[in-house]
Amino acid sequence: MRVRVIWFAVFCAVLTAAKPGKIGAQMSMSKMPEPAIGSQVSPAAALHREIGILEMEMVPLAKAMPADKYSFAPSAAIFAGSQKTDFATVRTFGQQVAHVAEANYYFFMSLSGLKPDVDMKALDAMQKDPNVKKDEAVKMLEMSFAFGHKAVETITTANAFEVIKAVDGMNTRVTVAGFAVAHGYDHYGQMVEYLRMNGMKPPSM
């Protein structure tokens, strides 16, 4: 546990200290000094860190599930017979991955006005497919995080809390970006259980 805490501290320091537009290139995990208490960081730098931590949890998790298990979804058959929960609409693991990718694009294009670099209709069809292929879903997930990092570069001190067209009830760039991360962790928690149901330990645990 101590090693994981230290790893995250180093990771956060790297992202916070990185210059805008150079997040991917500087994600080397080399030790960098923590920003001084009381100093200011840009909204983009702060958001890069939060998105990056989720990314470093989510992508390895998506890669850890074997391709032949991407169609796995919890069902009543693996729980106690007395349970009455309806599992008919539960997403498969692959659908979870593709759904997070689609949601990332939705939130980050909404807050930035940037045009997605993927076909959103095709991505929507992918997240509805219970038999989505692992390599396709992982690729879309990775691309969605890259798009997210690009999108938050448009957030400045001046416009961070400017009211924009509401996105699922949220109406500032920062709150939309924050919810994108919260949404990702919601599904990350579900995906962790999918791995455990298949006898696997999530990479970050």
Side-chain angles (χ1 to χ4, degrees), residues 50-112 114-149 151 164-172 175-205:
E50 300 309 313
I51 297 167
I53 293 174
L54 172 61
E55 181 181 6
M56 295 296 285
E57 296 262 17
M58 178 76 74
V59 173
L61 184 72
K63 291 181 176 180
M65 182 69 97
D68 63 351
K69 295 293 186 180
Y70 257 58
S71 59
F72 169 83
S75 66
I78 64 175
F79 291 97
S82 59
Q83 290 186 330
K84 302 300 181 183
T85 305
D86 181 8
F87 291 90
T89 59
V90 173
R91 291 184 176 95
T92 65
F93 186 87
Q95 286 178 303
Q96 292 271 15
V97 176
H99 171 72
V100 172
E102 182 184 36
N104 283 348
Y105 272 107
Y106 170 67
F107 291 124
F108 290 117
M109 72 180 188
S110 297
L111 71 85
S112 66
L114 296 179
K115 183 178 180 181
D117 52 5
V118 297
D119 181 340
M120 290 299 291
K121 289 185 178 180
L123 184 51
D124 182 59
M126 179 186 293
Q127 67 95 22
K128 292 176 180 175
D129 181 3
N131 297 306
V132 60
K133 299 294 187 292
K134 176 179 178 177
D135 57 347
E136 296 174 355
V138 170
K139 179 181 178 181
M140 288 297 103
L141 183 66
E142 292 178 318
M143 290 178 65
S144 75
F145 278 114
F147 182 78
H149 284 296
I164 60 175
K165 182 178 179 181
V167 180
D168 291 357
M170 295 159 290
N171 57 12
T172 75
T175 50
V176 174
F179 185 76
V181 174
H183 173 268
Y185 277 117
D186 179 6
H187 291 278
Y188 172 80
Q190 296 175 50
M191 292 161 63
V192 162
E193 295 307 313
Y194 282 34
L195 255 72
R196 292 197 182 281
M197 288 178 191
N198 283 278
M200 288 174 280
K201 181 181 178 181
S204 65
M205 296 184 179

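Side chains are part of it too, since the values below use all heavy atoms of this structure and drop only hydrogens, waters and symmetry mates. Fair warning: this is a prediction, and the values are worked out from it, not measured in the lab.
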### Message
Side chains of His183 and His99, heavy atoms from C-beta outward: is any pair under 4.5 Å?
### Response
yes
### Task
State, to 0.1 Å, how close Val132 and Ala137 come at their nearest heavy-atom pair, and which atoms those are.
CG2-CB, 4.1 Å
### Message
Counting C-beta onward and ignoring hydrogens, is there a side-chain heavy-atom pair between Tyr185 and Ile53 closer than 4.5 Å?
### Response
yes
### Query
Between Ser110 and Ile164, which heavy-atom pair has the shortest distance, and what is it?
O-CD1, 4.3 Å
### Query
Is the backbone N or O of Gly94 less than 3.5 Å from a side-chain atom of Lys134, with the two atoms forming a donor-acceptor pair by type?
no
### Message
Is any side-chain heavy atom of Val167 closer than 4.5 Å to one of Phe179?
### Response
no
### Message
Tell me if a side-chain donor or acceptor on Asp186 pairs with a main-chain N or O of Ala182 at a distance below 3.5 Å.
### Response
no
## Note on the structure
When every non-hydrogen atom of Thr175 is compared with those of Met170, the smallest separation belongs to O-SD, 3.7 Å
### Query
Could you give the distance from CG (Asp129) to CD (Gln95), rounded to the nearest 0.5 Å?
7.0 Å
## Note on the structure
Value for NE2 (His187) from CG (Leu54), rounded to nearest 0.5 Å, stands at 11.0 Å
### side-chain contact (heavy atoms from CB on, under 4.5 Å) evaluation trace for Phe147 with Val118
CA-CA 10 Å; Phe147 182 78; Val118 297; over 6 Å; no
### Task
Specify whether Phe72 and Tyr194 have parallel, tilted or perpendicular ring planes, treating 30° as the upper limit for parallel and 60° as the lower limit for perpendicular.
perpendicular
### Distance in Å, Gln190 CD paired with Arg91 CZ, rounded so as to fall on 0.5 Å steps
7.5 Å
### Glu102 vs Asp124, side-chain contact (heavy atoms from CB on, under 4.5 Å): CA-CA, chis, key distance, verdict
CA-CA 7 Å; Glu102 182 184 36; Asp124 182 59; 2.8 Å; yes
### Query
Could you state the interatomic distance from CG (Leu61) to CE (Met200), rounded to the nearest 0.5 Å?
9.5 Å
#### Entry: Over all atoms of both residues, closest heavy-atom pair of Ser71 and Asn131
CB-OD1, 3.7 Å
#### Entry: Interatomic spacing from NZ in Lys115 to OH in Tyr105 - rounded to 0.5 Å
13.0 Å
### Query
Going through the distances and angles, do Val100 and Tyr188 end up as a side-chain contact (heavy atoms from CB on, under 4.5 Å)?
CA-CA 9 Å; Val100 172; Tyr188 172 80; over 6 Å; no
### Task
Specify the closest pair of heavy atoms between Pro74 and Met197, including all atoms of both residues, with the distance to one decimal.
CG-SD, 3.9 Å
### Query
Which atom names give the shortest non-hydrogen contact between Met58 and Gly184, and what distance separates them?
CE-O, 3.1 Å
### Message
Donor-acceptor check, side chain of Tyr70 to backbone of Ala62, threshold 3.5 angstrom: yes or no?
### Response
yes
### Query
To the nearest 0.5 Å, how far apart are CG in Asn104 and CD in Glu142?
12.5 Å
### Message
Tell me whether Asp135 is salt-bridged to Lys139, with the criterion being a basic N under 4.0 Å from an acidic carboxylate O.
### Response
no
### Query
Between Met65 and Met191, is a side-chain contact (heavy atoms from CB on, under 4.5 Å) present by the stated rule, with each step listed?
CA-CA 9 Å; Met65 182 69 97; Met191 292 161 63; over 6 Å; no
